[in-house]
Peer 1: 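To start, I am sharing the structure in question, which I have written as structure tokens.
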Amino acid sequence: MAGSVWVHGELAADGSLARIATETATAAREIAAQAGAEAVGVVVAADPVGAAQELARFLPRVFAVTDSAAGERASAAVTAERIAALGRRDGVAYLVTGAGPEGRDVAGIAGALLELPLLANATAVGWGDGGPTVDESAFGGKQLTTSSFTGSGGLITIRPNVVDAAPLDAPGSVESLNMEMPLELPAVTITGRLTSEAAAQSIEEARVIVAGGRGVGGPEGFELLRELADALGGVVGATRAAVDAGWIPYAVQIGQTGKIVKPQLYLAMGISGAIQHKVGMQTAGTIVAVNRDPDAPIAEFADVLVVGDQAAVGRALLAALRDRSA
Amino acid sequence: MRIVVLSKPVPDPASGQERLTADGRVDRAAAPAVINGNDEYALEAALKLIEARPDEEHEITLVAMTPESGRDALRKGLAMGAHRAVMVTDPALERSDWLTTVRVLEAVLRTLEFDLVLAGADTSDGVAGVVGAGVAARMPLPYLSFAATIEPSDGRVRVNRLTATGHEVLEAAIPALITCTQALGAPRYPSLKGIMAARSKEIEVRSLTDLGVDPATVGAAAAGTKVGEVRPPTERGATRVIRDEPEEAARQVVAFLAERRLV
Ligand SMILES: Cc1cc2nc3c(=O)[nH]c(=O)nc-3n(C[C@H](O)[C@H](O)[C@H](O)COP(=O)(O)OP(=O)(O)OC[C@H]3O[C@@H](n4cnc5c(N)ncnc54)[C@H](O)[C@@H]3O)c2cc1C
Ligand SMILES: Nc1ncnc2c1ncn2[C@@H]1O[C@H](COP(=O)(O)O)[C@@H](O)[C@H]1O
């Protein structure tokens, strides 16, 4: 097999390694082992070493690329171009990124530059017939597919939470590189950054989501959901109705034009389960819904439906959870 | 201001009828086509941008690679207020992969003049969310993604980019390519006047030959991926319905979560 299996060393907003990168790295290592190739990570930043060392816990070899064009954190175009350049230099069999916003941006640019075919939003990655096999879900999980590449290379984007990240017994090596050659892609500068408290953790990576809909009744109602999320070790999500009402930021909207999530537990409070919402969450491990209407569409695909007022049930649930951990 | 909106006709998600064929293609006969949700937000953003500049000359062009079945969806975009549409339709394009989509859209853009290219953040029938980035890389154009706001001025454009935990402010020179989200605002409904006007607006159909793309390099034969299997998801068990008072209901839910090792 010509070339390595490359991994985008995705960074979180604070410059640390994003958890998804440990998952994609683990998947890449398995592909590399099957392909008889090397798995290599790339972190691009003004100061990439810390994140690169973290990534090296999961990969035998990591490039820490210092790039003055990167600023504090590189825009996708810079990262993708540097990955593409290293890939051209050393050979690319596969490129693996996360399927969240950062990963997609890098995948789209690097994939186009390297002309790699794509299997997107993998929900499982395996091996068969001499190449990776990728499970994808169509229309929010209505149908599932298993696909492969026709040639001996390609680009895979992987959803969060589908691979269990497993560190190596002994960490890999970190090679520092200075890449200052001019960029082909026109510059995009990041002139400001804001982290909202409402979404301190990425909703796509969360293992537990407590989501609220119109039935939550207002922004105050989401306070209870936040407490429930804390008690369950999760984050708050929402339907478009709640977002449109201005109760909660769009960043946590789940569904067709929001995020697609696959947590282990999805607690749906005052959510009808409209099809555009369903496509964003129906592959969750366990779905518990609280709705006063027993005929709401969500009754058809929840594992448990509590018929009742979401605030009253929510408060009782919070008390029961706190009792349990006390 | 001249704005191109990359507008993909997709099976209407609201129909509940979207499905793949047994060999893994999007079944376009299963549901009527509509413009992809995120692309409608892009079109709405384009309309607001030109409305905010009444003194300038404007043109909004919809660009789609689609079979003939996408025509009505584009007509609706014209009724919303786009000025014209370019539709790349060619039987050779069936089963094309993302690289072909990127190349074809690139080929169309090279024949157009524009200040901004707007695309959707992703599509309801593919959800790859990579075509915009791919087109930007090949043109090349500055790439600004996941826009919640778009503010062009003095040859530059500023975008509030949504991130997992907040947003960042991006700036680049125009022309640029921007991917769009629902945060830009709800799309308008076509007015009666708009619907009437759309009847006489042009939908220009181009073939691969028109674009100078060799048909041998697209479609199924050139696709770099293949679908091995299409299957239904594993059924969830029956829904357990709890109708007890809140305290008792909560106790049962916690017991259920404990059983599944979720608490
Ligand atoms: C192009 C397009 C894209 C879309 N994208 C998305 C998307 O990404 N995400 C999304 O979520 N939606 C999306 N939608 C909107 C979607 O169609 C629904 O309108 C939306 O999901 C409804 O949200 P909801 O369940 O909060 O509200 P509703 O449908 O109004 O449901 C509220 C539910 O709460 C229950 N309820 C009310 N009060 C209480 C109470 N006190 N206690 C318990 N239960 C109560 C009611 O019985 C009802 O079932 C999209 C629509 C379109 C057209
Ligand atoms: N066939 C197409 N015709 C026009 N635009 C497209 C097409 N495919 C993708 N796009 C654009 O690229 C965006 C992302 O698509 P995707 O990467 O397929 O999820 C869409 O929202 C559209 O703006």
Side-chain angles (χ1 to χ4, degrees), chain A residues 13 77 101 104-105 107-109 111-113 115 117-121 138-139 141 143-151 154 184-186 188-196 199-200 202 250-251 256-257 264-265 275-276 286 288 299 301-308 312-313 316-317 320 324, chain B residues 13-14 16 18-20 24 37-38 97-99 102 124 127-130 133-134 137-138 140-146 162-173 182-183 224-233 236 239-243 246-247 249-251 253-254 256 260 262-263:
Chain A
R104 285 178 178 188
D105 279 357
I109 294 170
L113 294 176
E115 302 200 355
L118 167 72
L119 293 171
N121 302 314
F139 311 120
Q143 285 168 301
L144 308 177
T145 59
T146 303
S147 300
S148 55
F149 297 109
T150 54
E184 290 163 36
L185 285 172
V188 174
T189 34
I190 303 178
T191 60
R193 187 169 288 133
L194 189 118
T195 302
S196 78
S202 153
Y250 167 66
Q256 183 195 321
T257 52
Q264 288 162 3
L265 171 61
I275 188 142
Q276 294 93 344
T286 294
V288 175
F301 58 94
D303 298 292
V304 174
L305 172 73
V306 179
V307 182
V313 176
L317 202 49
R324 210 173 171 273
Chain B
E18 300 163 291
R19 62 185 183 94
L20 299 177
N38 282 323
D97 69 359
W98 86 289
L99 288 171
V102 166
S124 56
V127 207
V130 291
R138 291 193 51 121
L141 289 167
Y143 174 67
L144 303 93
S145 57
F146 298 98
L162 295 166
T163 64
T165 53
H167 72 251
E168 49 194 23
V169 185
L170 305 182
E171 275 187 40
Q182 179 199 306
T225 58
K226 57 177 188 287
V227 180
E229 188 194 26
V230 180
R231 59 187 180 281
R236 281 182 180 277
T239 305
R240 173 165 157 200
V241 181
I242 301 176
R243 292 171 186 272
E247 281 67 32
R251 197 194 57 75
V253 169
V254 172
F256 171 82
R260 293 202 170 186
L262 292 165
V263 287

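Quick note on labels: first sequence line is chain A, next is B, and so on, each numbered from 1.
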Peer 1: Determine the option with the most heavy-atom pairs under 4.5 angstrom with chain A, choosing from B:A14, B:P142, B:S124.
Peer 2: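 Most heavy-atom pairs under 4.5 Å with chain A: B:P142.
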
Peer 1: In terms of heavy-atom pairs under 4.5 Å, which option from A:L113, A:T191, A:L265 contacts chain B the most?
Peer 2: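 Result: the option with the highest number of such pairs is A:T191.
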
Peer 1: As an exercise: rank A:L317, A:V307, A:V313, A:V188 by heavy-atom pairs under 4.5 Å with chain B and give me the winner.
Peer 2: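 Among the listed options, the one with the most contacts to chain B is A:V188.
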
Peer 1: Determine whether a donor-acceptor pair (N or O, by modelled atom type, separation under 3.5 Å) exists between the side chain of A:T146 and the backbone of B:G228.
Peer 2: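 It does not hold such a pair.
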
Peer 1: Mind listing the closest non-hydrogen atom pair of A:T257 and B:Q182 along with its distance?
Peer 2: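 Result for this residue pair: OG1-OE1, 2.7 Å.
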
Peer 1: Relative to chain A, which of B:R231, B:R240, B:R243 shows the most heavy atom pairs under 4.5 Å?
Peer 2: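 Counting heavy-atom pairs under 4.5 Å, the top option is B:R231.
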
Peer 1: Can you tell which of A:P117, A:S147, A:P186 has the highest number of heavy-atom pairs within less than 4.5 Å of chain B?
Peer 2: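 If we count pairs closer than 4.5 Å to chain B, A:P186 comes out on top.
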
Peer 1: Can you tell me which portion of B:F256 sits under 4.5 Å from chain A's heavy atoms? Options are side chain, backbone, both or neither.
Peer 2: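 When you check distances to chain A, only side chain atoms of B:F256 fall under 4.5 Å.
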
Peer 1: Considering all heavy atoms of both residues, which atom of B:V254 and which atom of A:A320 are nearest to each other, and what is their separation?
Peer 2: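 The pair with the smallest heavy-atom distance is CG2-CB, 3.8 Å.
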
Peer 1: Is it true that a side-chain atom of B:T239 and a backbone atom of A:A299 form a donor plus acceptor pair closer than 3.5 Å?
Peer 2: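 Indeed, once roles are kept as given, a pair shorter than 3.5 Å links the two residues.
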
Peer 1: What part of A:L194 lies closer than 4.5 angstrom to a heavy atom of chain B: side chain, backbone, both or neither?
Peer 2: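 For A:L194, heavy atoms of backbone and side chain both lie under 4.5 Å from chain B.
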
Peer 1: What closest approach, in Å, do B:P233 and A:L144 show between heavy atoms, and which atom pair accounts for it?
Peer 2: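 Taking B:P233 first and A:L144 second, the nearest heavy atoms are CA-CD1, 3.8 Å.
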
Peer 1: Shortest non-hydrogen contact from B:L99 to A:G111?
Peer 2: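 Residues B:L99 and A:G111, closest heavy atoms: CD2-O, 4.0 Å.
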
Peer 1: For the residue pair B:R138 and A:A112, what are the closest heavy atoms and their distance?
Peer 2: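 Answer, listing the atom of B:R138 first, then A:A112: CG-CB, 4.1 Å.
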
Peer 1: Check B:A137 against A:L185 and note the closest heavy-atom contact, atom names and distance.
Peer 2: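 Nearest heavy atoms, B:A137 then A:L185: CA-CD2, 3.5 Å.
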
Peer 1: Indicate yes or no: at least one non-hydrogen side-chain atom of B:R260 is less than 4.5 angstrom from one of A:D303.
Peer 2: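 Heavy-atom side-chain distance check passes, below 4.5 Å.
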
Peer 1: Using only atom types and a distance under 3.5 Å, with no angle test, would you say the side chain of A:Q143 pairs donor to acceptor with the backbone of B:L20?
Peer 2: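 Yes.
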
Peer 1: For A:V288, which atoms come within 4.5 Å of any heavy atom of chain B: side chain, backbone, both, or neither?
Peer 2: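 Side chain of A:V288 only, per the 4.5 Å heavy-atom cut-off to chain B.
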
Peer 1: Is it the case that the side chain of A:D105 and the backbone of B:S145 share a donor-acceptor pair, with hydrogens and angles ignored and the cut-off at 3.5 Å?
Peer 2: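 Not confirmed, A:D105 side chain does not pair with B:S145 backbone.
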
Peer 1: Among the options A:N121, A:L119, A:I275, A:L118, pick out the one with the most heavy-atom pairs lying under 4.5 Å from chain B.
Peer 2: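 Looking at each option in turn, the highest pair count goes to A:L118.
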
Peer 1: Of the listed residues (B:H167, B:R236, B:R251, B:R19), which shares the most heavy-atom pairs with chain A below a 4.5 Å separation?
Peer 2: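 Ranked by heavy-atom pairs under 4.5 Å with chain A, first place is B:R236.
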
Peer 1: Using a 4.5 angstrom heavy-atom cutoff, name the option from B:V102, B:L144, B:L141, B:D97 with the most pairs to chain A.
Peer 2: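 Greatest number of close heavy-atom pairs with chain A: B:L141.
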
Peer 1: Counting heavy-atom pairs under 4.5 Å with chain A, which one of B:P232, B:G16, B:G24, B:A249 comes out on top?
Peer 2: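 Highest number of pairs under 4.5 Å: B:G16.
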
Peer 1: Is any side-chain heavy atom of A:Q256 closer than 4.5 Å to a side-chain heavy atom of B:P13?
Peer 2: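 A:Q256 vs B:P13: side chains touch.
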
Peer 1: Please flag which part of A:A120 lies under 4.5 Å from any non-hydrogen atom of chain B: side chain, backbone, both or neither.
Peer 2: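 Looking at A:A120, just its side chain touches chain B.
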
Peer 1: Picking from B:G129, B:G37, B:G224, which has the most non-hydrogen pairs under 4.5 angstrom with chain A?
Peer 2: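 Among B:G129, B:G37, B:G224, the one with the most close pairs to chain A is B:G224.
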
